[in-house]
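Notes follow once the structure below has been shown.
Basis for what follows: all heavy atoms, side chains included, without hydrogens, waters or symmetry-related copies. Since we're looking at a predicted model, the values are computed, not measured. Letters A, B, ... are given to chains in the order of the sequence lines, protein chains preceding strands, and every chain is numbered from 1.
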2 protein chains.
Amino acid sequence: MTTAGSRTRKGEQTKARIVEAALELFRESGYDDTTMRAVAQNAGVSLGNAYYYFKSKEHLLHAYYARIHAAHAEAAAPALENESDLHKRLLGVLKTKLEVIEPFHRFSGLLFRTAADPKSPLNPFHEDSAPARQEGTQLFARVLEGSRVKIPKDIAQKVPHLLWVYSMGIVLFWLHDDSKDRARTHALVEQSSELVVKMIKMLSNPLLRPLRKSALKLLNEIDV
Amino acid sequence: MTTAGSRTRKGEQTKARIVEAALELFRESGYDDTTMRAVAQNAGVSLGNAYYYFKSKEHLLHAYYARIHAAHAEAAAPALENESDLHKRLLGVLKTKLEVIEPFHRFSGLLFRTAADPKSPLNPFHEDSAPARQEGTQLFARVLEGSRVKIPKDIAQKVPHLLWVYSMGIVLFWLHDDSKDRARTHALVEQSSELVVKMIKMLSNPLLRPLRKSALKLLNEIDV
DNA sequence: ACTATTATTTGAACGCGTTCAATTTCTGGA
DNA sequence: TCCAGAAATTGAACGCGTTCAAATAATAGT
């Protein structure tokens, strides 16, 4: 055990040094071109030592995920401050999302690889991601609450989560988008958000009640 | 050039031998545990020679995909034979898809993890997957053609591809589905297909023309 | 049949992520 | 202060996917 007062054993400093070295190299050269040997050297540590603290190269990215998440939550706040138009609110959140994640586009391979692996704790649908999922859903709940749009009661509970899934779809598209300045994704965000808002507003239409009920039944049965 | 009559140079036989060796080993031990050296040896060929015919290990899996798709196309044919109801046609195709891919669910972590990487040639949205993508789209074009549902001309060209993307979404859900007998995915297929058909039928409604136009504009701008 | 060109095949080599037995450094109790 | 055990650190080694210069076999033109 470590001394009573000291909060960090020596190892935690080393671990921090390795993380910082890794993040710097990832930022600089991307994930694939960053070798564990380079990370170790950059941290002033032996190769084997890096593996003493991180089970694998991918595990080094957990720190990154946390940073992305925090950055988006912070960046999105102003867009919700003084705005009551639902479309503008939604658009603001999605645009800041794109801004925040843009520097990480070069990681897309890894991001989506882990994100798509059902067994990976980084997977947004994985059990371990429940907190992140919940935070994301809450963000979209706030987007809705701050607007003056009325949501039918029966589906009100589902919509925020559906918006989060929608945003995951945006990210999925973004991952594959190699257009200049991510132009295609920006077009997608601007226009699909408009569509989404239109549909949300339409949902109160009595004509669409059957459709709404079908959708609700579906959501309940697949346990989303 | 090869002689007039002979349809296959020698190389194509070698290539076939390598594919067969690979598929056998994949089936036996999964993707990750099958080494290129084992494939080469199993095919009675040198390691380098395998790379002469296949740019990478992942390229060998295209053959696997091709077989799955062929199996699906064959299995789905009866469901399209004597049926004109769009929902039943769509449902038939999706259900047979689930049946065909079910044996691979246990490999999904290994197999589809790499497939999800935007840079991976296995990714369904990757350039190298264009043929598979096209075949898939054609299958859904057939689903539509055989039914009596009228699709508005402006979007007619887009719908088959959208249905294919929809089916990819189903597969993505399936990957994460650990419910007994894949019950959640089956619920999703049954009910979402109903919804999809409803929406397709609704699309001709003049009231929805603006929505249709917006969607079309979106699709064109993001180049889908 | 000879030759130039192209297609095929080889195996060594490279750099990578990862593992591990061995070594050194730290730490808390006698 | 000393020492046993735990924590931290090392670097060599392994197996992997991939590359490549060189060697060999097949082919087409003369």
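- Taking both residues in full, the closest heavy atoms of Ser192(B) and Tyr166(B) are given as OG-OH, 2.6 Å, listed atom of the first, atom of the second, then distance.
- Between Glu221(A) and Arg184(B) there is no salt bridge, since no side-chain nitrogen of the basic residue lies less than 4.0 Å from a carboxylate oxygen of the acidic one.
- Judged as a side chain to side chain donor-acceptor pair (under 3.5 Å), the pairs with a partner in residues 14-23 of chain A (not counting sequence neighbours) are, in order, Glu20(A)-Arg67(A).
- Note that Lys57(A) lies in the cation-pi zone of Tyr31(A), set by a 6.0 Å cut-off to the ring centre and a 45° limit from the axis.
- When the C1' atoms of four end pairs are superposed on the next four at each end of the helix from dA1(C)-dT30(D) to dA30(C)-dT1(D), using five pairs per end, the two resulting axes differ in direction by 10°, to 10°.
- In this view, Ser56(A) and His59(A) satisfy the side-chain hydrogen bond (donor to acceptor under 3.5 Å, both in side chains) rule, not counting sequence neighbours.
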When you compare the protein's N or O atoms with those of nucleotides 18-23 of chain D, which come within less than 3.5 Å of each other, and at what distance?
unit_1, atom_1, unit_2, atom_2, d
dT18(D), OP2, Tyr51(B), OH, 2.9
dT18(D), OP2, Lys57(B), N, 2.8

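- Spacing between atom NZ of Lys15(B) and atom C1' of dA7(C) amounts to 14 Å, rounded to whole angstrom units.
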Which protein N or O atoms sit under 3.5 Å from an N or O of nucleotides 21-24 of chain C?
none

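- Residues satisfying the side-chain hydrogen bond (donor to acceptor under 3.5 Å, both in side chains) criterion with Glu194(A), sequence neighbours excluded, are absent altogether.
- Between the CZ atom of Arg17(A) and the P atom of dA8(D) there is a distance of 13 Å, rounded to whole Å.
- An OP1 or OP2 oxygen of dT8(C) is reached within less than 4.0 angstrom by no side-chain nitrogen or oxygen of Thr14(B).
- Around atom CD of Gln191(B), more than 12 heavy atoms belonging to other residues, nucleotides or ligands sit under 6.0 Å away.
- Contact check, Tyr52(A) against dC20(C): no side-chain N or O comes under 4.0 Å of OP1 or OP2.
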